[in-house]
Asker: 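Following this message is one structure expressed as structure tokens.
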Amino acid sequence: EPAAHSCRVRGMEAVSTKDAPAAIGPYSQAIRSKCGEMIFLSGQVPLDPKTGELVSGDIAAMTERVLDNLGAVLEAAGCSFANVVRTTIYLTDLGDFTVVNRTYAKRFREGHPFPARATIQVAALPKGRRSIIELTHCVAPQQVMSSWRASSAPARWSRSMRVPSP
């Protein structure tokens with residue numbers, strides 16, 4: 001059985017995987033936009049997808065689990081952290097910011113710009129969680145191009161398209 005599932009409805013494609021916690025409400029783990037160039041990931045919490053339980057440990061361990069969950073959803077969409085353009089981090093205690101920031105920074109490639117980001121302290125999060133991270137991913141131009149058949153792409157567009165090296 002495949003780890004990922006997708007469903008196309010009204011120009012949107014839901015992306016989900018069993019390698020990240022299932023949605024606990026009326027939302028998708030991620031949505032690929034109609035044009036296929038942006039993927040919007042719902043916030044992930046530090047749940048172990050195999051047990052459905054909150055991971056034990058400090059905020060660093062919880063942040064690692066959240067990022068693992070986001071990575072699994074990105075992978076189900078055929079993506080990685082390399083082209084994430086925006087993140088939002090919700091914390092119940094900004095005192096955790098330094099540790100979360102250090103853990104978060106390890107997931108992004110050196111020499112590439114970090115995504116735009118907001119970190120917000122909130123009064124509470126669902127089910128007593130201490131953190132949630134959500135993100136937006138921009139599909140790399142080579143991924144968009146590979147989804148086109150060479151014969152269907154306009155010749156002048158494909159010749160003029162500059163694809164940055166990874």
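Worth knowing before you read on, the calculation uses all heavy atoms, side chains too, and leaves out hydrogens, waters and symmetry mates.
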Asker: With the side chain counted from C-beta on, respond yes when R130 and V100 share a heavy-atom pair under 4.5 Å apart, and no when they do not.
Answerer: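 With C-beta onward as the side chain, the pair stays apart.
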Asker: Is there a side-chain contact between C79 and I39, using heavy atoms and a 4.5 Å cut-off?
Answerer: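 A side-chain contact exists here, since the closest heavy-atom pair is under 4.5 Å.
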Asker: According to a hydrophobic-cluster definition based on side-chain heavy atoms being under 4.5 Å apart (Ile, Leu, Val, Met, Phe, Trp, Tyr only), do L54 and V122 belong together?
Answerer: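 Linked within one cluster.
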Asker: Within a strict 4.5 Å, meaning less than it, do heavy atoms of the P21 and Q44 side chains meet?
Answerer: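 When only atoms from C-beta onward are counted, Q44 and P21 do touch, with a gap below 4.5 Å.
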Asker: Please find the pair of heavy atoms, one from P115 and one from F108, that lie closest to each other, and give the distance.
Answerer: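 Taking P115 first and F108 second, the nearest heavy atoms are CG-CE2, 3.5 Å.
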Asker: Return the minimal non-hydrogen interatomic distance between V84 and S80, and the atom names on each side.
Answerer: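 Reported closest heavy-atom pair: CG2-O, 4.0 Å.
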Asker: Does the R32 side chain pair with the main chain of A77, one donor and one acceptor, at a distance under 3.5 Å?
Answerer: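 Confirmed, R32 side chain pairs with A77 backbone.
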Asker: State yes or no: do V99 and V45 share one hydrophobic cluster built from I, L, V, M, F, W and Y residues joined by side-chain heavy-atom distances below 4.5 Å, directly or via other members?
Answerer: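 Shared cluster, no.
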Asker: How far apart are the closest heavy atoms of A30 and V73, and which atoms are they?
Answerer: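 Reported closest heavy-atom pair: CB-CG1, 3.6 Å.
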Asker: Are any non-hydrogen side-chain atoms of Y90 and E134 less than 4.5 angstrom apart?
Answerer: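 Yes; the side chains approach each other to less than 4.5 Å.
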Asker: Which one of T87, T63, T119 satisfies the side-chain hydrogen bond (donor to acceptor under 3.5 Å, both in side chains) criterion with Y104?
Answerer: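 Between Y104 and the candidates, side-chain hydrogen bond (donor to acceptor under 3.5 Å, both in side chains) is satisfied uniquely by T87.
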Asker: To the closest 0.5 Å, what do you measure between NE2 (H137) and CE (M38)?
Answerer: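 If I round to the nearest 0.5 Å, the distance is 9.5 Å.
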Asker: When you look at T98 and R102, which way does the side chain to side chain contact (heavy atoms under 4.5 Å, CB included) test go after all the steps?
Answerer: CA-CA 6 Å; T98 301; R102 188 173 33 244; 4.0 Å; yes
Asker: Grab the two heavy atoms, one from T17 and one from A72, that are nearest each other, plus how far apart they are.
Answerer: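 Reported closest heavy-atom pair: CG2-O, 3.7 Å.
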Asker: With rounding to the nearest 0.5 Å, note down the distance linking CG in L91 to CZ in F97.
Answerer: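 Between atom CG of L91 and atom CZ of F97 there are 8.5 Å.
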Asker: Find out whether L47 and R129 are in side-chain contact, i.e. whether some heavy atom of one side chain is under 4.5 Å from a heavy atom of the other.
Answerer: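 Counting from C-beta outward, L47 and R129 do come under 4.5 Å.
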Asker: Rounded to the nearest 0.5 Å, how far apart are CG of L135 and CG of L70?
Answerer: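 Nearest 0.5 Å value for the CG-CG distance: 5.0 Å.
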Asker: Please give me the minimum heavy-atom distance between S33 and F40, naming the atom from each residue.
Answerer: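 That would be CB-CE1, 4.3 Å.
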Asker: Could you check whether any side-chain heavy atom of P126 comes within less than 4.5 Å of a side-chain heavy atom of I132, counting everything from C-beta outward?
Answerer: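 Yes, at least one pair of side-chain atoms sits under 4.5 Å.
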Asker: Working to the nearest 0.5 angstrom, can you tell me the gap between Q121 CD and T92 OG1?
Answerer: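 Between atom CD of Q121 and atom OG1 of T92 there are 7.5 Å.
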Asker: Would you find more than 12 non-hydrogen atoms of other residues, nucleotides or ligands less than 6.0 Å from E75 atom CD?
Answerer: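 Counting neighbours around CD of E75, 12 or fewer heavy atoms of other residues, nucleotides or ligands fall under 6.0 Å, so no.
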Asker: Nearest 0.5 angstrom please: K106 NZ to E64 CD, how far?
Answerer: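 That separation rounds to 6.0 Å.
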Asker: Return the CG to OG distance between N69 and S42, rounded to the nearest 0.5 Å.
Answerer: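 With rounding to 0.5 Å, CG (N69) is 12.5 Å from OG (S42).
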Asker: Are L125 and V66 linked, directly or through other ILVMFWY residues, by side chains that come within less than 4.5 angstrom of each other?
Answerer: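 No, L125 and V66 fall in different hydrophobic clusters.
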Asker: If you take all heavy atoms of S28 and A14, which pair is closest and at what distance?
Answerer: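 Looking at all heavy atoms of both residues, the shortest contact is OG-CB, 3.8 Å.
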